[in-house]
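Encoded as structure tokens, the structure appears first; notes follow it.
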Amino acid sequence: MKSPTAPDYTVREIIHRPRIAPFQSGPSRMLSADQNTLTPERRPEFRDRLIAWFTVHQRHLPWRRTKNPYHIWISEVMLQQTQVKKVLSYYDRFIRSFPTIHALAAADLQTVLKVWEKMGYYGRARNLHRAAQIVAREMGGKIPADYTAFRELPGVGDYIGAAVQSIGFDRPYAVTDGNVKRVIARLFLIDSPLNRTASLKLVRERAAELLDSEKPGLFNQAMMELGATVCHPRRPNCPGCPVSLFCGAFHTHRQLAIPVTGRTRSVPEYHTAAGVIHRDNLVLITRRKPSGLLGGLWEFPGGRVKAGETPEEACLREILEEVNLAVDIIEPLTRVRHAYTHFKIVMDVFRCRYRSGRIVLRGPVDYRWITLNEIDAFPFPVANHKFIPLLEE
Ligand code: SF4
């Protein structure tokens with residue numbers, strides 16, 4: 001039976017949507033290559049065509065059926081670094097678990113992280129939780145309908161600020177997520193790398209000029225949808241695009257050359273080691289400090305393999321340094337790989353047996369000896385989830 005707070009949609013219904021058909025609301029007109037296609041006089045027509053297309057072709061997503069700013073806030077935070085398909089199930093679960101901002105504020109952080117678990121970027125969940133507590137405690141539970149006040153809450157940056165204020169409160173702030181930046185760069189032929197400050201400034205200015213100040217929420221969603229479903233990075237569907245008429249890149253055949261990518265930095269890879277320490281039928285888990293990477297999550301103790309060390313030596317040293325225990329390695333369990341935003345890790349995991357010592361925490365802020373049956377009650381990083389099923393086997 002559905003709970004009273006359950007949204008009235010199914011994930012299946014949303015993902016199995018019809019393909020987007022070519023846009024057909026008017027004849028296409030070709031403009032000369034040197035013509036400024038998006039002059040101020042032509043922007044009202046651009047807005048009308050974009051919104052007309054969005055009204056018909058948008059994906060039916062649960063957060064688009066509400067004006068509740070709390071729900072919109074949750075969805076936008078989740079969508080920041082996660083794909084729509086994945087967000088669907090997390091959004092549903094999160095709203096069921098914390099249907100109001102008061103419910104989120106009253107929950108303990110571990111419960112919030114557990115609901116967020118495996119979505120990554122846990123700082124987003126911690127900031128949402130802190131922000132909810134501030135709104136509940138200092139603002140009577142009402143999310144401020146004011147950009148500046150809202151922007152001061154933890155985790156609220158330019159993107160979240162503009163998205164929630166425009167979609168939830170119809171405030172005229174232009175959203176510039178990755179998809180919108182690409183669309184704007186193509187429309188206005190901005191051909192310098194978008195990771196440069198000057199290019200970003202230009203994109204934001206153009207986006208603000210283009211915004212429909214009477215329907216900012218609808219317009220922003222339409223721009224994001226256009227970037228996500230039509231103006232793809234590598235294969236833009238220009239024949240199906242409702243605004244090709246106004247697009248500088250389309251008219252100069254430079255869709256694939258814009259946006260220009262700047263130099264990408266190589267991602268470092270670190271070698272780490274971790275130990276699953278058995279003591280009778282229990283295993284040891286430790287909790288990371290509440291801030292920083294993976295803050296507040298539980299894990300198996302371990303750390304970086306230093307130059308000249310074997311992974312086994314690193315595992316024993318890290319366990320001694322972090323929790324003051326001497327252990328013996330029983331056997332290698334597995335090797336897992338995981339990619340974070342700015343680095344990758346290769347982790348060698350060992351089964352260990354407790355030998356001696358009393359726990360003294362140096363780094364972790366808490367610990368538990370637990371049975372494997374209790375493991376699901378604790379939020380773990382994805383890298384740990386990659387080997388936890390092996391323990392349960
Ligand atoms: Fe993107 Fe093509 Fe539309 Fe231009 S015409 S906005 S490149 S999809």
Side-chain angles (χ1 to χ4, degrees), residues 17-59 61 64 79 83-85 159 162-163 166 173-196 199-213 215-262:
R17 60 190 184 277
R19 287 174 65 84
I20 294 168
F23 186 69
Q24 294 174 339
S25 75
S28 183
R29 279 176 275 153
M30 290 302 291
L31 303 173
S32 63
D34 59 350
Q35 191 166 355
N36 181 351
T37 52
L38 254 177
T39 55
E41 302 76 51
R42 305 191 71 223
R43 287 175 192 163
E45 189 189 345
F46 173 92
R47 293 171 189 131
D48 289 349
R49 287 178 71 95
L50 180 70
I51 288 176
W53 165 82
F54 179 67
T55 306
V56 175
H57 292 289
Q58 66 174 298
R59 292 168 293 176
L61 305 171
R64 289 186 178 155
L79 286 164
Q83 292 187 332
V84 166
K85 194 171 166 184
Y159 170 75
S166 64
Y173 294 95
V175 162
T176 46
D177 70 348
N179 286 323
V180 174
K181 285 178 197 162
R182 181 172 60 256
V183 173
I184 294 281
R186 284 173 171 166
L187 288 172
F188 290 96
L189 281 175
I190 297 172
D191 58 2
S192 50
L194 293 186
N195 56 5
R196 288 204 191 137
S199 319
L200 269 182
K201 185 166 174 283
L202 193 57
V203 166
R204 292 206 172 105
E205 284 170 6
R206 293 288 176 269
E209 289 162 11
L210 208 48
L211 181 71
D212 186 332
S213 56
K215 299 173 189 161
L218 205 53
F219 180 87
N220 278 334
Q221 291 182 82
M223 284 290 278
M224 290 191 275
E225 190 76 343
L226 185 75
T229 63
V230 178
C231 192
H232 296 287
R234 280 185 290 278
R235 274 187 304 214
N237 175 16
C238 301
C241 177
V243 292
S244 58
L245 185 62
F246 310 91
C247 179
F250 177 63
H251 289 291
T252 54
H253 309 289
R254 294 171 67 197
Q255 302 96 307
L256 299 182
I258 294 177
V260 175
T261 47

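Please read all numbers here as calculations on a predicted model, not as lab measurements. Numbering of ligands and ligand atoms starts at 1, following listing order.
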With atoms numbered from 1 as shown, which atoms in ligand 1 lie under 4.0 angstrom from a non-hydrogen atom of [X]?
X	result
Arg186	7 (S)
Gln255	7 (S)
Ser244	5 (S)

Which atom of Lys181 lies closest to which atom of Thr176, heavy atoms considered: CE-O, 3.4 Å
Do any N or O atoms from the side chain of [X] and from the backbone of [Y] form a donor-acceptor pair under 3.5 angstrom?
X	Y	answer
Arg64	Arg59	yes
Arg186	Cys247	no
Arg43	Leu210	no

For atom 3 (Fe) of ligand 1, find the nearest protein heavy atom and state the residue, atom name and distance (0.1 Å precision).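 Closest protein heavy atom to atom 3 (Fe) of ligand 1: Cys241 SG, 2.4 Å.
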Quick one, Val175 with Gln221, criterion side chain to side chain contact (heavy atoms under 4.5 Å, CB included). Give me CA distance, side-chain angles, the key distance, then yes/no. CA-CA 9 Å; Val175 162; Gln221 291 182 82; over 6 Å; no
Within the stated cut-off of 2.8 Å, is an N/O/S atom of Cys247 closer than that to atom 4 (Fe) of ligand 1?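 Checking atom 4 (Fe) of ligand 1 against Cys247, an N, O or S atom does fall under 2.8 Å.
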Considering only heavy atoms, which of Ala249, Cys231, Gly240, Cys238 lies nearest to atom 2 (Fe) of ligand 1? Cys238
